[in-house]
Amino acid sequence: TQKFKSGLEKTSSSLAGAMDSVFSRSKIDEEMYEELEDVLIGADVGVNTTLEIVDRLRGEVKERRIKDPAELQPLMSEILADILKGEGDSSDAAMNLQENELTVVLIVGVNGVGKTTTIGKLAHHYKEQGKKVILAAGDTFRAGAIEQLQVWGDRVGADVIRHQAGSDPAAVIFDGIQAARARGADVLFCDTAGRLQNKVNLMQELKKVHRVIQREIPDAPHDTLLVLDATTGQNALQQAKIFNDATRLTGIVLTKMDGTAKGGIAIAIRRELATPVKWIGLGEKMDDLQPFNGDQYVHALFA
Ligand code: GDP
């Protein structure tokens with residue numbers, strides 16, 4: 001939780017300062033609510049989600065007959081934590097890890113969002129838990145992507161299954177599954193290409209990869225994680241919608257949360273997508289990845 005807190009420092013210092021100023025106003029009035037809306041939208045909470053939060057706050061203020069703005073801070077924390085819980089139960093933030101058989105995790109996302117780094121961090125995380133991890137270099141579009149995954153594989157001690165640049169991603173991932181079985185691996189992370197410039201190709205490629213995985217293991221991929229860059233703000237939501245159309249996402253990884261003061265994007269994503277945020281990236285190093293927890297997040301922002 002210390003890591004969580006320091007990684008979210010930029011967001012928390014900007015948000016907490018702005019909230020303090022809102023809640024130190026002399027009375028609860030229309031102006032105060034408007035200022036609060038500006039603060040939330042400024043932190044990338046998103047317009048729809050902001051309006052919902054402020055509506056809920058108004059409702060509570062009325063119901064509890066609150067007069068003093070200073071009492072609103074804990075109320076805000078409550079509302080945010082509740083929104084982050086979402087409709088489902090909070091355990092959906094956990095990974096769908098299989099016991100005593102191979103878990104296949106597909107990683108998708110646009111180039112540059114931190115996909116390779118995230119795979120390296122996830123590999124490290126599961127290695128630390130004593131799992132045998134294999135990586136499949138399914139982003140065959142860029143030679144650099146294959147090399148970069150190899151660097152991470154060497155760094156964390158995970159085998160990398162790779163073909164030449166330009167080869168069929170589905171074939172690489174097929175080989176990844178065979179290798180993972182032969183070597184008794186617990187988790188296989190599959191990298192994929194992420195060029196949005198050609199949406200039709202991207203979707204076809206993802207569908208083919210999906211088919212190949214399912215032919216080998218009917219209930220796989222056990223997780224399909226979309227990696228999003230928190231610093232791209234509302235753009236990230238757009239990307240999520242496109243990938244959601246291409247494949248069934250089970251979770252989001254929100255990277256570079258350490259690099260933005262607009263970490264409120266996690267709230268917008270939780271609210272506007274049906275997919276839970278499962279991990280957040282808080283830096284470039286291998287242990288800078290944390291399982292996302294809504295309560296810890298709200299606590300890091302305001303406490
Ligand atoms: P890819 O093209 O999606 O595979 O992206 P990369 O994994 O190569 O990452 C792009 C850049 O973002 C690299 O310089 C990474 O070190 C950096 N990066 C990735 N995740 C994080 C994060 O959580 N925090 C910070 N500060 N940088 C990150």
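Note that ligands are numbered from 1 as they come in the structure, with each ligand's atoms numbered from 1 the same way. These numbers were taken from a predicted model, which means no experiment stands behind them.
- One hydrophobic cluster holds both Leu289 and Leu254 under the rule that ILVMFWY side chains link at heavy-atom gaps under 4.5 Å.
- Annotation: Tyr297 is in aromatic contact with Phe292 [ring centroid separation under 6.0 Å].
- Panel note: side chain Lys115, backbone Thr192; a donor-acceptor pair is recorded below 3.5 Å.
- With ligand atoms numbered from 1 in the order given, ligand 1 contributes 3 (O) to contacts under 4.0 Å with heavy atoms of Val113.
- Side-chain atoms of Lys121 come within 3.5 Å of backbone N or O of Gly283 as a donor-acceptor pair.
- The closest approach between any non-hydrogen atom of Asn111 and ligand 1 is below 4.0 Å.
- For residues 164-188, every residue pair satisfying the side-chain hydrogen bond (donor to acceptor under 3.5 Å, both in side chains) rule, not counting sequence neighbours, is listed here: Asp159-Arg183, His163-Asp175, Asp168-Lys208, Gln178-Glu216, Arg181-Glu216.
- Protein heavy atom nearest atom 7 (O) of ligand 1, with residue, atom name and distance: Thr117 OG1, 2.6 Å.
- None of Ile217, Leu97, Thr250 except one satisfies the side chain to side chain contact (heavy atoms under 4.5 Å, CB included) rule with His222; the exception is Ile217.
- Scanning the protein for heavy atoms near atom 10 (C) of ligand 1, the closest one is Gly112 O, 3.8 Å.
- Following chains of ILVMFWY side-chain contacts shorter than 4.5 Å, one can reach Val54 starting from Ile267, so the two form part of one hydrophobic cluster.
- Residues Glu52 and Arg56 are paired through a salt bridge, judged by an N-O separation under 4.0 Å between the basic side chain and the carboxylate.
- In summary, the atoms of ligand 1 found under 4.0 Å from a heavy atom of Arg142, numbered by their order in the structure, are 2 (O).
- Under a 4.0 Å heavy-atom criterion, Gln290 is not in contact with ligand 1.
- Atom 5 (O) of ligand 1 has Gly114 N, 3.1 Å as its closest protein atom, hydrogens excluded (heavy atom only).
- In terms of protein heavy-atom proximity, atom 20 (N) of ligand 1 is nearest to Lys121 NZ, 3.9 Å.
- Protein heavy atom in closest approach to atom 4 (O) of ligand 1: Thr116 OG1, 2.5 Å.
- Ranking the protein heavy atoms by distance from atom 25 (C) of ligand 1 puts Asp258 OD1, 3.5 Å first.
- With hydrogens left out, the protein atom closest to atom 16 (O) of ligand 1 is Glu284 OE2, 2.5 Å, a heavy atom.
- A donor-acceptor pair is defined here as one N or O able to donate and one able to accept, closer than 3.5 Å; such a pair exists between the side chain of Arg270 and the backbone of Lys85.
- Gly283 O, 3.1 Å is the protein heavy atom nearest to atom 22 (C) of ligand 1.
- Here is the list of ligand 1 atoms found below 4.0 Å of a heavy atom in Gly281: 23 (O).
- In this structure, Trp152 shares a hydrophobic cluster with Val156, Met286, the cluster being traced through Ile, Leu, Val, Met, Phe, Trp and Tyr side chains under 4.5 angstrom apart.
- Residue Leu282 has at least one heavy-atom neighbour below 4.0 Å for each of these atoms of ligand 1: 23 (O).
- If you check each of Lys115, Lys256, Gln148 against atom 12 (O) of ligand 1, the one with the closest non-hydrogen atom is Lys256.
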